Participant: 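Have a look at this one.
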Amino acid sequence: MIVWLNGTHGAGKTTTSGLVQQLIPDSRVFDAEKVGETLMDITPTLSPTDNFQHWPPWRPLVVETARHVLDYTGGTLVMPMTVLVEEYWREISAGLAEHRIPVHHFVLHADQETLRGRIEGDTVMGPSPFRLTYLEPYAEAARTWLHEEAEVVDTTHLTPEQAAERIAREVAAVRARRPAP
């Protein structure tokens with residue numbers, strides 16, 4: 001199974017993913033951004049873009065990497081990764097479905113003011129104009145498709161621990177309802 005934590009920068013995906021991993025037995029965190037970083041390291045560089053997700057190889061490589069890791073380890077992959085382009089999400093989720101990998105898709109959400117404050121006050125990464133540019137695309141995706149495709153966890157007033165506990169409970173409930181193989 002994959003537990004996909006979507007949402008924009010500042011929603012708490014990275015922090016929450018590590019906490020979710022601690023709560024779900026036999027789980028690992030796989031950050032699909034590393035696949036993008038690998039593509040960014042190709043020389044000479046691939047076509048210019050402001051987001052590695054726009055490169056067509058990124059999406060199937062995420063699917064194949066997740067599939068191979070799950071084939072090797074079993075268990076659950078917790079994947080913190082923002083995907084705001086509906087077509088890209090459909091491509092990834094269809095690829096995982098082709099391999100019969102169930103995906104429990106969560107969106108970590110917070111209001112725009114909270115997100116902006118978290119990004120501007122980030123003491124680890126520092127304030128980031130790049131991260132701020134995704135606030136409006138996130139709001140648009142949330143309005144048009146994203147919140148319909150996932151379970152929304154509003155982190156505006158939750159600690160990362162509370163968000164992780166809620167996600168772990170939902171995953172456990174889904175597993176309890178699934179018939180044994």
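This one's a predicted model, so the numbers in the text were calculated from it and none came from an experiment. Numbering starts at 1 and runs along the sequence shown.
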Participant: Quick one, His99 with Val63, criterion side chain to side chain contact (heavy atoms under 4.5 Å, CB included). Give me CA distance, side-chain angles, the key distance, then yes/no.
Facilitator: CA-CA 9 Å; His99 295 293; Val63 170; 3.9 Å; yes

Participant: Are any non-hydrogen side-chain atoms of Met1 and Val171 less than 4.5 angstrom apart?
Facilitator: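 In contact.
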
Participant: Taking the side chain as every heavy atom from C-beta outward, state whether Leu108 and Thr8 have any pair of such atoms under 4.5 Å apart.
Facilitator: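 Not touching, per the 4.5 Å side-chain cut-off.
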
Participant: Do Ile92 and Val103 have side-chain heavy atoms sitting under 4.5 Å apart?
Facilitator: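 No - every pair of side-chain heavy atoms lies 4.5 Å or more apart.
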
Participant: Would you sort out whether Ile101 and Leu70 count as a side chain to side chain contact (heavy atoms under 4.5 Å, CB included), showing the intermediate values?
Facilitator: CA-CA 9 Å; Ile101 300 170; Leu70 284 172; 3.7 Å; yes

Participant: State which residues pass side-chain hydrogen bond (donor to acceptor under 3.5 Å, both in side chains) with Thr114; sequence neighbours excluded, sorted by chain then number.
Facilitator: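 In terms of side-chain hydrogen bond (donor to acceptor under 3.5 Å, both in side chains), with neighbours along the sequence ignored, Thr114 is linked to Asp111.
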
Participant: Identify the heavy atoms of Ala32 and Val62 that sit nearest to each other, and give their distance.
Facilitator: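 It is CB-CG2, 3.8 Å.
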
Participant: How many angstroms lie between OG1 in Thr73 and NE2 in His68, if you round to the nearest 0.5 Å?
Facilitator: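 One gets 12.5 Å once the value is rounded to the nearest 0.5 Å.
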
Participant: In the single-linkage hydrophobic clustering (I, L, V, M, F, W, Y; side-chain heavy atoms under 4.5 Å), do Val85 and Phe106 co-cluster?
Facilitator: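 Result: no, two separate clusters.
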
Participant: Starting from Leu96, can I reach Val3 by hopping between I/L/V/M/F/W/Y residues whose side chains sit under 4.5 Å apart?
Facilitator: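 Different clusters: Val3 never reaches Leu96 through Ile, Leu, Val, Met, Phe, Trp or Tyr contacts under 4.5 Å.
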
Participant: Please report the C-alpha distance between Met125 and His9 in whole Å, then the side-chain angles of each, then the deciding distance to 0.1 Å, and finally whether the side chain to side chain contact (heavy atoms under 4.5 Å, CB included) criterion is met.
Facilitator: CA-CA 11 Å; Met125 295 181 68; His9 304 284; over 6 Å; no

Participant: When rounded to the nearest 0.5 angstrom, what is the spacing between OG1 in Thr144 and CD in Glu86?
Facilitator: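 Reported value, rounded in 0.5 Å steps: 6.5 Å.
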
Participant: Going by the side chain to side chain donor-acceptor pair (under 3.5 Å) test, which pairs reach into residues 33-46, not counting sequence neighbours?
Facilitator: none

Participant: Taking only residues at least two apart or on different chains, which pairs with a member in residues 26-58 satisfy ring-ring contact (aromatic ring centres under 6.0 Å, His included)?
Facilitator: Phe52-Trp58, His54-Tyr88

Participant: If I take atom CG from residue Asn6 and atom OG1 from residue Thr82, how far apart are they, to the nearest 0.5 angstrom?
Facilitator: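 Going from CG on Asn6 over to OG1 on Thr82, the span is 6.0 Å.
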
Participant: Could you list the donor-acceptor pairs under 3.5 angstrom formed between side-chain atoms of residues 131-143 and any protein atom two or more places apart in sequence or on another chain?
Facilitator:
from   : atom 1 : to     : atom 2 : distance (Å)
Arg131 : NH1    : Asp122 : OD2    : 3.0
Thr133 : OG1    : Phe130 : O      : 2.6
Tyr134 : OH     : Asn51  : ND2    : 3.1
Glu136 : OE2    : Arg143 : NH2    : 3.1
Tyr138 : OH     : His109 : ND1    : 2.6
Tyr138 : OH     : His147 : NE2    : 2.9
Glu140 : OE1    : Arg143 : NH2    : 2.8

Participant: Where is the tightest heavy-atom contact between Ala110 and Thr156, given as atom of each residue plus distance?
Facilitator: CA-OG1, 3.1 Å

Participant: If you look only at distance, which donor and acceptor atoms sit under 3.5 Å apart when one is on a side chain in residues 162-170 and the other is two or more places apart or in another chain?
Facilitator:
from   : atom 1 : to     : atom 2 : distance (Å)
Gln162 : OE1    : Thr159 : N      : 2.8
Gln162 : OE1    : Thr159 : OG1    : 3.4
Arg166 : NH2    : Val152 : O      : 3.2

Participant: If you measure from the Lys or Arg side-chain nitrogens to the Asp or Glu carboxylate oxygens, is any gap between Glu64 and Arg67 under 4.0 Å?
Facilitator: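 Yes, this pair counts.
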
Participant: Identify the heavy atoms of Pro80 and Asp31 that sit nearest to each other, and give their distance.
Facilitator: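 For Pro80 and Asp31, the tightest heavy-atom pair comes out as O-OD1, 3.5 Å.
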
Participant: Is there a donor-acceptor contact under 3.5 Å from the side chain of Trp4 to the main chain of Met81?
Facilitator: yes

Participant: Spell out, as yes or no, whether a donor-acceptor pair under 3.5 Å connects the side chain of His105 to the backbone of Glu149.
Facilitator: yes

Participant: State plainly whether one hydrophobic cluster holds both Val78 and Leu158, where clusters connect Ile, Leu, Val, Met, Phe, Trp and Tyr through side-chain heavy atoms under 4.5 angstrom apart.
Facilitator: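 Both belong to a single hydrophobic cluster.
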
Participant: So does Ala11 get a backbone contact from the side chain of Thr155, meaning a donor-acceptor N/O pair under 3.5 Å?
Facilitator: yes

Participant: Looking only at heavy atoms, what is the nearest atom pair of Glu91 and Pro60, with distance?
Facilitator: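 So the minimum-distance heavy-atom pair works out to OE2-CD, 3.6 Å.
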
Participant: Taking Arg28 for its side chain and Thr76 for its backbone only, find out whether a donor-acceptor pair lies under 3.5 Å.
Facilitator: no

Participant: To the closest 0.5 Å, what do you measure between CZ (Arg100) and CD (Glu98)?
Facilitator: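 The CZ atom of Arg100 sits 10.5 Å away from the CD atom of Glu98.
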
Participant: Determine whether Thr16 and Leu5 make a side-chain contact, defined as any pair of heavy atoms from C-beta on separated by less than 4.5 Å.
Facilitator: yes

Participant: Specify the closest pair of heavy atoms between Val83 and Trp89, including all atoms of both residues, with the distance to one decimal.
Facilitator: CG1-N, 3.7 Å

Participant: Show me the side-chain donor-acceptor pairs of residues 17-26 shorter than 3.5 Å, one per line, residues at least two apart or across chains.
Facilitator:
from  : atom 1 : to    : atom 2 : distance (Å)
Ser17 : OG     : Lys13 : O      : 3.3
Ser17 : OG     : Thr14 : O      : 2.8
Gln21 : NE2    : Ser27 : O      : 2.9

